[in-house]
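Okay, so here's the structure we're looking at.
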Amino acid sequence: MPDADLRARFGLRVPTSRTWVEAVVADPVATLVDHAHCEMKAATTALMMAARYAAFPEVADAMLALARQEIAHYEQVAAELRRRGVHPEPHGADPYAKALRAHVAADEPRRLVDLLLVSSIVEARSCERFELLADAAVDAALRDLWSEFAVCEAGHHALFVGLAERLVGAESVARRKDTLLDAEAVIVASLPCDPRIHG
Ligand SMILES: [Fe+2]
Ligand SMILES: [Fe+2]
């Protein structure tokens with residue numbers, strides 16, 4: 001995704017490096033294992049939000065529907081791994097998501113808005129990376145999988161931003177998103193280029 005597109009579609013400040021693309025293409029199985037964990041974490045985060053924010057039916061309902069989609073994504077990636085005779089091992093925290101979550105406000109209602117916006121940024125970065133993976137994939141099955149997921153993640157990005165805007169308005173969201181996007185650029189630049197979705 002060219003720089004200008006990345007900014008226009010998602011506000012992301014920096015494109016993913018070619019070094020990351022080379023690392024993931026060199027080890028598609030490690031990338032898929034990490035990808036499976038990302039989908040599982042996306043599902044559990046959505047369920048956690050549905051439980052915590054049951055008093056916000058629009059948020060809770062959207063999170064339940066999202067959790068179902070993320071579980072289906074997990075199943076697709078796990079099936080792809082099984083075809084290769086691999087089972088995802090238990091996995092530690094995602095350093096990228098963990099570093100972004102450190103910016104989430106502790107007090108409500110700012111916390112809810114921040115959680116929605118941090119999730120929107122994770123989805124945006126995932127979309128960019130799935131597009132890069134689809135372009136670079138030599139395996140047709142992986143190319144199809146990653147292309148399909150790139151479209152879903154773009155939709156999830158819009159879902160999270162829309163929920164936040166309905167809570168506090170577009171102007172507040174734009175201001176807060178700007179700060180979080182600046183933080184995201186620093187985090188992306190600080191992470192090693194490992195074969196991980198957010199490596
Ligand atoms: Fe997903
Ligand atoms: Fe997603």
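Counting convention: from 1, in listed order, for ligands and their atoms alike. What's counted below: heavy atoms across the whole structure, side chains too, no hydrogens, waters or symmetry copies.
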message: List the residues meeting side chain to side chain donor-acceptor pair (under 3.5 Å) with E171, not counting sequence neighbours, and say none if there are none.
response: none
query: Under 30°, 30 to 60°, or over 60°: which ring-plane class applies to H35 and F149, parallel, tilted or perpendicular?
result: perpendicular
- prompt: Other than M40, what residues sit in its cluster of Ile, Leu, Val, Met, Phe, Trp and Tyr side chains whose heavy atoms are under 4.5 Å apart, directly or through others?
  reply: Y74
- line: For L47, the hydrophobic cluster (side chain heavy atoms closer than 4.5 Å, chained through members) also holds L64
message: Ring-plane angle category for H157 and F10, please: parallel below 30°, perpendicular beyond 60°, tilted otherwise.
response: perpendicular
message: Strictly under 2.8 Å, how many protein N, O or S atoms lie near the Fe ion (ligand 2)? Waters don't count.
response: 5
query: Can a donor-acceptor pair be found between the side chains of S120 and H156 at a distance below 3.5 Å?
result: no
